[in-house]
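One structure is given here, and the rest of the page talks about it.
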Amino acid sequence: MGGGLLVAGTTSDAGKSVVTAGICRWLVRRGVKVAPFKAQNMSLNSFVTREGAEIGRAQAMQAQAARVEPTALMNPVLLKPGSDRSSQVVLMGKPVGEMSARGYHGGRQEALLGTVTDCLEQLRSSYDAVICEGAGSPAEINLRRTDIVNMGIARAAKFPVLVVGDIDRGGVFASFFGTTALLSAEDQSLVAGYLVNKFRGDVSLLEPGLDMLYGLTGRRTYGVLPFTHGLGIDEEDGLRVSMRGAVRESVVAPPHGEEVLRVAVCAVPLMSNFTDVDALAAEPGVVVRFVDRADELADADLVVVPGTRGTVKALAWLRERGLADALVRRAAEGRPVLGICGGFQVLGERIEDEVESRAGVVDGLGLLPVRVRFDRAKTLARPVGSALGEPVEGYEIHHGVADVRGGEPFLDGCRVGAVWGTHWHGSLESDGFRRRFLEEVARAAGRRFVPAPDTSFGVLREEQLDRLGDLVEEHADTDALWRLIEGGAPSGLPFVPPGAPPAVAGAAESRGAAPDPAPQSPEGLDFAGPAGSRGQGLELAGSAGARGQGPEISGSAGLGQEAEKHVNEEAL
């Protein structure tokens with residue numbers, strides 16, 4: 001059975017995803033067969049594996065860091081927010097319904113522990129090491145009873161825990177100490193130590209604090225990673241152009257031609273897979289920014305309407321802010337617009353939605369001769385084709401079915417003048433196609449922009465992953481990390497008072513170090529009709545691919561065989 005490690009964080013966005021990817025790249029370079037794992041992810045940036053499973057993009061990139069093919073085993077539970085209070089639940093790569101936050105944390109989440117531990121055990125049986133990523137903070141004491149992604153999975157697998165803290169935010173010592181001190185004694189016994197992320201300055205000035213932290217907790221710090229600009233992998237729920245730094249502050253290489261090309265991305269609500277524009281930002285001379293006002297489109301050479309988990313909501317938002325009128329004017333003037341997935345649907349003539357928003361028939365912007373009908377079954381595919389005379393690969397994640405009624409063919413969508421639309425995510429990562437597309441945009445925009453002939457997005461991504469591996473190798477105690485991965489948490493780690501509140505500690509203790517699989521039929525874990533059919537108490541509603549309006553989800557629920565197996569076994 002392979003060894004492993006859980007990378008937890010003092011907060012969300014402390015650097016867990018990046019550190020996990022860096023550890024994976026460091027390990028694979030030293031000949032270790034390694035796989036990433038995140039039991040439960042909440043993200044609108046997702047990816048489709050070759051077997052047609054939807055997982056978080058961060059786990060797909062971590063798999064690339066490990067030089068292995070991503071699979072549903074690496075992210076068995078994916079939550080895709082549809083509002084502040086509900087999310088679509090994707091189990092083993094297939095959507096199984098909508099659920100309120102209260103419903104999910106009210107017992108449904110705990111019922112999935114057997115599924116996620118089974119997936120982890122399968123990975124451990126095939127790999128030398130599994131590097132797990134936690135979510136948020138392991139010290140979210142209000143959620144500990146149902147936790148399946150932080151200490152819950154660490155306890156089940158007996159994995160050591162490395163806690164990452166972002167020192168650039170300040171308060172990292174208090175965060176390390178407080179995170180540890182809020183855990184039960186059993187959970188604390190697995191917290192092996194800490195990793196400081198995003199440090200600026202002279203490390204020698206930090207060392208006295210690290211020594212004091214050791215004195216307070218009995219736990220060492222395994223490394224101090226320096227702040228490095230432009231590092232990152234595909235984001236989960238942060239808004240960032242990961243290849244070129246922060247949004248609105250993109251670092252742009254000098255243009256290959258005479259002029260730069262300005263790209264404005266409409267920051268629509270519930271924006272999904274905005275990583276599509278990373279490939280544009282990687283091009284020398286391309287400036288990418290996210291916008292939310294109509295006047296910000298005025299100087300844009302290309303406007304991108306990205307994917308969204310709320311197509312009708314995004315359409316209303318565009319209209320409310322005057323962006324819709326600005327897009328219509330652009331199209332009339334022959335100025336370039338690109339719609340991807342939900343953005344493609346917005347540009348069409350009509351949307352018929354009884355699934356996502358249940359808004360019925362809604363008029364689109366009418367820029368493309370397309371009518372869209374939302375289907376309960378979700379399209380998850382890895383299409384291959386050609387456009388503009390170049391080969392293209394992509395992936396599809398959508399409920400909308402497009403009826404294209406005219407225009408020039410463009411991937412699975414169409415083009416009318418300088419307006420393009422497609423359901424294909426990731427198409428701009430195909431280098432030859434991206435260059436030809438940018439040439440078309442520059443011509444329509446009247447810009448003397450020329451794409452660089454040698455930009456390879458795949459090479460840039462590999463360089464990013466190697467830089468993450470370098471950070472771990474150069475600034476962490478890798479020998480000590482390997483001992484953790486291979487041998488587990490050190491014995492005799494001291495308890496840091498006060499520990500978890502009694503109710504939390506008792507609940508966690510009742511689960512034991514290796515919890516039993518979830519019951520076959522946990523009461524109330526059902527799926528109902530269309531999303532929102534129970535008013536404010538969504539529970540598990542509106543399953544994509546469910547049998548009509550009924551509550552059943554097994555059998556012909558549109559799940560793959562593996563997903564259906566886990567759904568039936570875990571009563572979800």
Within the side chain of [X], is there an N or O that forms a donor-acceptor pair under 3.5 Å with the backbone of [Y]?
X      : Y      : result
Arg382 : Glu396 : no
Ser456 : Val459 : yes
Gln59  : Pro36  : no
Asp166 : Asp168 : yes
Asp276 : Gly426 : yes
Arg435 : Pro453 : yes
Gln64  : Ala60  : no
Thr49  : Ala53  : yes
Thr228 : Pro226 : yes
Arg200 : Phe227 : no

To the closest 0.5 Å, what do you measure between [atom1] ([X]) and [atom2] ([Y])?
X      : Y      : atom1 : atom2 : value
Ile397 : Glu54  : CD1   : CD    : 4.5 Å
Glu473 : Asp466 : CD    : CG    : 10.0 Å
Thr308 : Trp317 : OG1   : CH2   : 10.0 Å
Asp363 : Arg319 : CG    : CZ    : 6.5 Å
Tyr395 : His425 : OH    : NE2   : 6.0 Å
Ser272 : His398 : OG    : NE2   : 11.5 Å

Heavy atoms, side chains only, cut-off 4.5 Å: are [X] and [Y] in contact?
X      : Y      : result
Leu302 : Val337 : no
Leu315 : Ile351 : yes
Asp431 : Phe433 : no
Val361 : Arg350 : yes
Ile55  : Pro70  : yes
Asn45  : Phe274 : yes
Val305 : Leu327 : yes
Trp420 : Val441 : yes

Closest heavy-atom contact between [X] and [Y]?
X      : Y      : value
Ser12  : Gly136 : OG-CA, 3.6 Å
Val291 : Ala264 : CG1-CB, 4.0 Å
Ala21  : Leu468 : CB-CD1, 3.9 Å
Cys414 : Val404 : CB-CG1, 3.7 Å
Gly400 : Gln345 : CA-NE2, 3.7 Å
Phe344 : Ala402 : CE2-CB, 3.9 Å

[X]/[Y] ion pair, N-O < 4.0 Å:
X      : Y      : result
Asp295 : Arg321 : no
Arg330 : Glu333 : no
Arg461 : Glu429 : yes
Asp470 : Arg25  : no
Asp301 : Arg447 : yes

Please determine whether salt bridge (charged side-chain N to carboxylate O under 4.0 Å, His left out) holds for the pair Glu352 and Arg373, giving the CA-CA distance in whole Å, both sets of side-chain angles, and the decisive distance to 0.1 Å. CA-CA 5 Å; Glu352 183 182 340; Arg373 177 185 55 81; 5.7 Å; no

Given the rule in the side-chain contact (heavy atoms from CB on, under 4.5 Å) test, do Leu27 and Arg30 qualify, once you have shown the distances and angles that lead to the verdict? CA-CA 5 Å; Leu27 286 173; Arg30 63 179 287 175; 4.2 Å; yes

How far apart are the C-alpha atoms of Thr20 and Lys38, what are their side-chain angles, what is the distance that settles it, and do they pass the side-chain contact (heavy atoms from CB on, under 4.5 Å) test? CA-CA 10 Å; Thr20 299; Lys38 186 162 185 173; over 6 Å; no

Can you spot which of Arg358, Arg309, Lys80, Arg376 makes a salt bridge (Lys or Arg N to Asp or Glu O under 4.0 Å) with Glu98?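 Of Arg358, Arg309, Lys80, Arg376, salt bridge (Lys or Arg N to Asp or Glu O under 4.0 Å) with Glu98 is met by Arg309 alone.
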
Would you please test Glu393 and Arg434 for salt bridge (charged side-chain N to carboxylate O under 4.0 Å, His left out) and show each step? CA-CA 11 Å; Glu393 295 183 16; Arg434 182 181 64 255; over 6 Å; no

In sequence, state the C-alpha distance, the side-chain angles, and the governing distance for Arg50 and Glu69, and then conclude on salt bridge (charged side-chain N to carboxylate O under 4.0 Å, His left out). CA-CA 8 Å; Arg50 295 206 179 277; Glu69 191 67 33; 3.3 Å; yes

Could you go through the salt bridge (charged side-chain N to carboxylate O under 4.0 Å, His left out) check for Asp403 and Arg371 one step at a time? CA-CA 5 Å; Asp403 177 13; Arg371 296 187 178 184; over 6 Å; no

Walk me through whether Gln88 and Leu79 qualify under side-chain contact (heavy atoms from CB on, under 4.5 Å). CA-CA 6 Å; Gln88 183 181 66; Leu79 305 178; over 6 Å; no

Could you go step by step and tell me if Glu133 and Gln62 meet the side-chain contact (heavy atoms from CB on, under 4.5 Å) rule? CA-CA 10 Å; Glu133 179 188 345; Gln62 289 163 357; 2.8 Å; yes

Geometric cation-pi criterion, Arg415 with Phe410: 6.0 Å, 45°: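 Cation-pi check for Arg415 and Phe410: fails.
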
One pair to check against side-chain hydrogen bond (donor to acceptor under 3.5 Å, both in side chains): Ser43 and Arg57. What are the steps and the verdict? CA-CA 8 Å; Ser43 178; Arg57 276 197 68 95; over 6 Å; no

